[in-house]
Asker: 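Structure incoming, see below.
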Protein chains: 2
Amino acid sequence: MTGKRPGYFEENNEPISARIATGLHKIGLAMKQQSWQQANGVGLSATQGQILATLVASGPLTGKELSERLGVTLPTISDSVRVLVEKAMVTRSADPRHPRASLLTPTAAGAALGARARSWPEFMADAVADLAPEEQRAFFAGIVKMIRMLQEQGLVPVSGMCVTCKHFRPNVRTGPAPHHCAFVDAPLSSEQLRLDCPEHELAAESARREVWEQFMRRA
Amino acid sequence: MTGKRPGYFEENNEPISARIATGLHKIGLAMKQQSWQQANGVGLSATQGQILATLVASGPLTGKELSERLGVTLPTISDSVRVLVEKAMVTRSADPRHPRASLLTPTAAGAALGARARSWPEFMADAVADLAPEEQRAFFAGIVKMIRMLQEQGLVPVSGMCVTCKHFRPNVRTGPAPHHCAFVDAPLSSEQLRLDCPEHELAAESARREVWEQFMRRA
DNA sequence: GATGTAACTTAGGACTCCTAAGTAGTCAGG
DNA sequence: CCTGACTACTTAGGAGTCCTAAGTTACATC
C-alpha cells in the first residue's frame with residue numbers, strides 16, 4: 001500500500017478552491033430541493049415562504065426592500081405578495097417613509113408560517129452540528145470571508161453582517177473576544193459575528209474597507 | 001472601549017451552526033442568480049446549461065441518470081432535453097445497457113457551451129481564492145463532512161466523493177498524505193479529496209460507514 | 001400646472017418543476 | 001407465442017419563478 005504513483009493527485013486534481021466551489025454547488029442543490037419540499041409541505045411556494053420568513057425576521061418591509069433582500073426583481077415579489085394577500089397571510093399598510101410604498105405585515109397565520117419557514121435552513125445546521133467546535137469556527141470564518149468577497153463583487157445583497165456595519169470595531173483588544181460592537185457596547189469574538197443582525201447599519205465605502213483590513217490583520 | 005455588556009453575544013446570538021446555515025443560504029442565493037445570468041448570457045436556461053455541463057464532465061448519460069445527478073424529476077429533464085435536441089446541442093443514441101433508454105451526447109456546439117457552463121461556479125472559487133491555504137483546507141474539510149452528512153440523510157444525490165468510494169483507503173499511513181486511492185494506486189491527503197471523481201464507485205452501505213469512521217479517526 | 005421620481009402593478013413570455021397518465025421496448029412465466 | 005410486469009421515457013396539465021417592458025399613481029419640484 002505504498003502507492004505506485006506518488007504524485008498523481010498533485011498533478012491530476014482541480015485546485016482546492018474549485019473543489020470548494022463544487023462542494024458549495026452540491027450543498028446549493030440540497031438547499032433548493034429542501035426549500036421546495038418544505039414550502040410545499042405547508043401549502044406555500046418557496047418564495048412565499050421566504051417572504052414570510054423575512055418579514056418575521058426583519059419586521060414589516062416594502063416590496064422594494066424585499067426584492068433587494070431576496071435578490072429578485074420587484075415584479076416577482078409583487079406577484080408572490082398578491083397571492084399571500086389573497087391567502088390572508090400578509091396585509092398592506094401605508095408606509096410613512098415613502099409616498100407610494102406599502103408596508104407588508106404578516107397576519108397571525110402568516111407570522112406562524114413565517115416562523116416555521118425561518119427554520120427551513122436548519123437541516124444544514126444539523127448537518128454541521130457534528131463537526132468539532134474548532135472545525136465549525138474554521139468553516140464559519142471561511143463563509144464570512146467568502147460572503148464579504150461576494151458582496152464586494154455585487155453578487156450578494158449587502159446584508160446585516162458585522163464586518164460591514166458602522167458599529168463594528170475589529171481587533172480593538174486582545175483575548176478571546178477581540179472585536180467590539182458599539183451598538184450594544186459589548187465585546188465579541190470572530191465566531192460570534194452575525195450575518196443577519198437586525199441593527200446592522202452599512203458603513204460608508206471607505207470605512208468598510210478600513211474595517212475589513214483591520215479585521216483581517218489578525219483574523 | 002471595554003464594553004458594558006460583556007456577555008451580550010453569548011446570550012443573544014444564534015448558535016454558530018445556525019449562522020453557518022444562514023451563510024450558506026446567502027451563498028446559495030448568489031449561486032442561483034449567477035447561474036441564471038450566466039446561462040442567459042449564452043442563450044441557454046440554467047438547467048440546459050447544467051445538463052450540458054454534466055454531459056461534458058461525465059460523458060454520455062441517460063435521462064434517468066441526469067435526473068438523479070441534477071436532483072430533478074425525469075419529466076423536467078425530458079423537457080429540457082427536447083429543447084436541447086431542437087437547438088442541436090445534444091443527440092440521442094441507443095443505450096446498449098437499457099432497452100428503452102437513450103444516451104445523450106453533446107454535439108460540437110453543445111460540448112463547447114457545456115465546457116463554458118462548467119466554469120459557472122468559478123466565481124465562488126474566485127471568492128475563496130484569497131483565503132490563506134490553511135483556511136481553504138479547513139473550509140474544504142467542513143464542506144466534505146457536511147456533504148457526507150447530507151448524503152446520509154438522502155438530501156443530496158450520492159456523487160463521486162472519495163469518502164464513499166470503494167477504492168478509498170483512509171488513514172493507511174502517517175505523513176501529509178495519509179489516505180490512499182486503490183484505483184490509481186496513489187496516496188492522497190485530506191485536502192486532495194475529490195467530490196466528483198469520474199472513477200467513483202459507491203461502496204456498500206456497511207463499508208461506507210466503516211470507511212467514514214476510519215477517516216474521522218484522524219481527520 | 002407640467003415634469004419628474006419612486007414604488008409599485010400588469011402583461012406577456014420563457015422556464016422550472018411537479019404529479020398523473022400514457023407509450024414502447026424487453027423479459028419471464030405460463 | 002402471448003400476457004403481464006418492469007423500465008425508461010414522453011405528454012399533458014398546472015402552479016410557480018423570473019425576467020423585461022409598459023403602465024399607474026402619489027407626492028415633490030420647478
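Per chain, numbering begins at 1; letters A, B, ... match sequence-line order. Only this structure's heavy atoms are used, side chains among them; waters, hydrogens and symmetry mates stay out.
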Asker: When B:Q192 is tested against each of A:N12, A:N13, A:I16 for side-chain contact (heavy atoms from CB on, under 4.5 Å), which residue passes?
Answerer: A:N13
Asker: Starting at CZ of B:R82 and ending at P of C:dT16, how long is that distance when rounded to a whole Å?
Answerer: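 To the nearest whole Å, that distance equals 11 Å.
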Asker: For a side chain to side chain contact (heavy atoms under 4.5 Å, CB included) check, start with the C-alpha distance between A:W212 and A:R148, then their side-chain angles and the critical distance, and finish with the verdict.
Answerer: CA-CA 9 Å; A:W212 183 248; A:R148 151 87 196 187; 3.5 Å; yes
Asker: Go through the side-chain N and O atoms of B:Q50 and A:H25 and say whether any donor and acceptor fall under 3.5 Å apart.
Answerer: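 Short answer, yes.
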Asker: Calculate the interatomic distance between A:K64 atom NZ and C:dT9 atom C1'; express it in whole Å.
Answerer: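 Whole-Å distance recorded here is 16 Å.
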Asker: Give a yes/no answer on whether the side chain of B:T62 brings an N or O atom under 4.0 Å of OP1 or OP2 in D:dC9.
Answerer: yes
Asker: Mind calculating the distance between CG (B:L66) and C1' (C:dC17) to the nearest angstrom?
Answerer: 16 Å
Asker: Without decimals, in angstroms, what is the distance between A:E86 CD and C:dT10 C1'?
Answerer: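 Interatomic distance, CD of A:E86 to C1' of C:dT10: 14 Å.
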Asker: In terms of the nearest nucleotide of DNA chain D, which residue is placed more toward the 5' end: B:S78 or A:D79?
Answerer: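 Final value for this comparison: B:S78.
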Asker: So which nucleotide from D:dG16, D:dT10, D:dC19 ends up closest to the side chain of B:L74?
Answerer: D:dT10
Asker: Using the closest heavy atom to pick a nucleotide of DNA chain D for each, name whichever of A:G71 or A:Q48 lands nearer the 5' end.
Answerer: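 The 5'-side residue here is A:Q48.
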Asker: When you look at A:L66 and A:R69, which way does the side chain to side chain contact (heavy atoms under 4.5 Å, CB included) test go after all the steps?
Answerer: CA-CA 5 Å; A:L66 273 175; A:R69 287 188 199 224; 5.6 Å; no
Asker: Can a side chain N or O of A:R92 be found less than 4.0 Å away from OP1 or OP2 on C:dA7?
Answerer: no
Asker: Any side-chain N or O of A:T76 below 4.0 angstrom from OP1/OP2 of D:dC19?
Answerer: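 The answer is yes; a side-chain N or O of A:T76 sits under 4.0 Å from OP1 or OP2.
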Asker: Measuring from the side chain of B:S80 (C-beta onward, heavy atoms only), which nucleotide among C:dT16, D:dT20, D:dG16 has the closest atom?
Answerer: C:dT16
Asker: Quick one: A:L44 CG to D:dT17 C1', roughly how many Å, whole number?
Answerer: 15 Å
Asker: Mind calculating the distance between CD (A:E65) and P (C:dA6) to the nearest angstrom?
Answerer: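 Rounding to the nearest Å, CD of A:E65 and P of C:dA6 are 15 Å apart.
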Asker: Is any side-chain nitrogen or oxygen of B:S45 closer than 4.0 Å to OP1 or OP2 of C:dT16?
Answerer: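 Yes.
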Asker: In whole Å, what is the span from the CG atom of A:L104 to the C1' atom of C:dC8?
Answerer: 11 Å
Asker: Considering only NZ, NE, NH1 and NH2 on the basic side and carboxylate oxygens on the acidic side, decide whether A:K26 and B:D196 come within less than 4.0 Å.
Answerer: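 Looking at A:K26 and B:D196, the cut-off is met.
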Asker: Name every residue in residues 23-42 of chain A that has at least one heavy atom under 4.0 Å from any atom of DNA chain C, in order of residue number, or write none if there are no such residues.
Answerer: A:K32, A:W36
Asker: With a 4.5 Å limit on heavy-atom distance, are the side chains of A:M124 and B:I20 in contact?
Answerer: no
Asker: Do the side chains of B:L61 and B:L104 get nearer than 4.5 Å, heavy atoms only?
Answerer: no
Asker: Which listed nucleotide (C:dC17, D:dT11, C:dA11) is nearest to the side chain of B:P75?
Answerer: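 Nearest to the side chain of B:P75 among the choices is D:dT11.
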Asker: In terms of side-chain heavy atoms of A:T47, which of C:dC18, C:dT16, D:dC18 is nearest?
Answerer: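 Given the options C:dC18, C:dT16, D:dC18, the side chain of A:T47 is closest to D:dC18.
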